[in-house]
Amino acid sequence: MSKGLPKRSEDYSLWYNELVKRADLAENSAVRGCMVIKPYGYSIWEKMQAELDRMFKETGHTNAYFPLFIPKSFLSKEASHVEGFAKECAVVTHYRLKNADDGSGVIVDPEAKLEEELIVRPTSETVIWSTYKNWIQSYRDLPLLVNQWANVVRWEMRTRLFLRTAEFLWQEGHTAHATREEAIQETEQMMNVYAQFAEEFMALPVVRGRKTANERFAGAEDTLCIEAMMQDGKALQAGTSHFLGQNFAKAFDVKFAAKDGKLDFVWGTSWGVSTRLMGALIMAHSDDNGLVLPPKLAPIQVVIVPIYRGEEELNAISAKANEFIKALRRVGVSVRFDDRDTHKPGWKFAEYELKGVPLRIAIGPRDLENGTVEIARRDTLSKETFDLSTQPIEQKVLDMLDEIQSTIYSKAFQFREEHTTEVNSWEEFKEVLENKGGFISAHWDGTGETEEKIKELTKATIRCIPINQKLEEGTCVLTGKPSSGRVLFAKAY
RNA sequence: CGGGGUGUAGCGUAGCCCGGUUAUCGCGCCACAUUUGGGAUGUGGAGGUCGCAAGUUCGAAUCUUGCCACCCCGACCA
């Protein structure tokens, strides 16, 4: 492990890439565009999964699993859906290899061509709705509230660890309802679940909003989203929840008999978050010393580092450390005692900072003598000597973990507020975007043409029309046409 | 996929323009000793298909062609 991460201020991209690799989160694989999520990175994803899964179940959803492959014909049943995904699909055309005649290795057996090609799912609406047709006959079968944890493939041209990979892990919820209102309510509910997860667990403040028609999911009538801001001022779409109307029900002929006996198409939603959340988590809080993890998602919340000379001292310290470990585990805190003799304390300090462990407790002979320990916070890098006689260690640790969780949220919130600017003229728009970055709250005339034009001119897109939109009469920042409310613009990941 | 750049030990690199002994240095790794409250020090040691494949040449890390991967900038996107 070499010293020193690149500085955020010098090269944000490089800092991000290096951090992901050096903190042992993920690395590029031998397969183009696909990453290996390493054990430490995966354990953070597992924490996220566990919380999200719990929240999905609390809102009445159950998990299921659908096939990785989708018959090509399914994809084309919903016109705008196929249009949106066709350009980035991996396709399976054969089912067998054979040895090459010239002995140069294996080749695809031309005899083994599939009658119908299979698409590796870029998302599962089509295969799921084709299944729902069989599951739904009556209003009694509704609502159908299903989620799946899966991998999907979108053949991206330019990939970045966690933020955009050709294969990624995610969850996709797919629900079916008897009424339009109920489906809309579900769409809103799941956006709120995502927002709550982001804010409460990831310590990541998000803007809840609605996508414009241009940015909407292919096949949806309405797309709700949560948008977060990264430390370089760019926006990151952290989750989306789509109201599908009756689009997929019509495409796959999914009808139900209502109470009055009339047949109608069912109403659908779909919603997802992906391993991209890992990217958001990393970029939102970390610093030039490495990762900063919110305690609620940190695989290791506390690390205990002994400082000793000789076996006798280590034994005395270990006895103390084991007391702490027992007490901490009893209250649900995850602890690691790093008594490896192969690395020195200073090395360990740097290592756990790089990995974002929220709290570090150092115990040395001096502490044993004084009845103290040294507690260091990752978020502020501050250290204090804690007198063990003042309160139980587990109480102290729980308090500090809470404190860290709320401090990093506040810091991210304050950053976002400072980097959200209301602008009223085109000159101001360009100036703020170029020099300050962040979110720009501005009036827009509501047309796709203007949105496109602004994107062409500045690379900024409308991130969302916030749910709590500031409604006021104004004029479009580009065209001067009338507008009834402000929308959020930003350069985005 | 278009423009630019890079690829030499696990990581970071020198050498390449101008072909010629045993491919440079640092970190890391292994052994031993001394060390341990912020990334230890010394001594000794191991580790290389010079991205891959063809070609030019008596001779290729170095020149030519093709391919692959990664990084930056565009287009596309969770």
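Numbered from 1 within each chain, the chains take letters A, B, ... in sequence-line order.
- One distance of note links SG of A:C34 with CZ of A:F168; it measures 11.5 Å at 0.5 Å rounding.
- For the pair A:K77 and A:F74, the cation-pi criterion (under 6.0 Å, within 45° of the ring axis) is fulfilled.
- Regarding contacts with the backbone of B:rC72, a side-chain N or O of A:S13 is found under 4.0 angstrom from either OP1 or OP2.
- A stem is defined here as three or more consecutive Watson-Crick or G-U pairs, each with both distances under 3.5 Å; for RNA chain B these stems are B:1-7 with B:68-74, B:10-12 with B:25-27, B:29-34 with B:40-45, B:51-55 with B:63-67.
- Using a 4.0 Å heavy-atom cutoff across all strands shown, A:E172 reaches no nucleic acid atom at all.
- Taking the six-membered ring where tryptophan is involved, the planes of A:H61 and A:F56 are perpendicular, since the angle between them exceeds 60° and thus also 30°.
- Remark: A:R336 pairs with no residue by the salt bridge (Lys or Arg N to Asp or Glu O under 4.0 Å) rule, at least two apart or across chains.
- The listed nucleotides are B:rA78, B:rU35, B:rG74; the one nearest the side chain of A:S274 is B:rA78.
- Side-chain N/O atoms of A:E351 and base N/O atoms of B:rG38 include no donor-acceptor pair closer than 3.5 Å.
- The base of B:rG38 sits within donor-acceptor range of the side chain of A:K383, with an N or O pair under 3.5 Å.
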Quiz item: Going through the checks in order, is the side chain to side chain donor-acceptor pair (under 3.5 Å) test met by A:D387 and A:S389?
Solution: CA-CA 5 Å; A:D387 184 341; A:S389 65; 2.8 Å; yes
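- Between atom CG of residue A:L169 and atom CE of residue A:M35 there is a gap of 6.5 Å, rounded to the nearest 0.5 Å.
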With 3.5 Å as the limit, what N/O pairs link the protein to nucleotides 1-7 of chain B?
none

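- Judged by atom type and distance alone, A:R309 does not reach the base of B:rG37 through any side-chain donor-acceptor pair under 3.5 Å.
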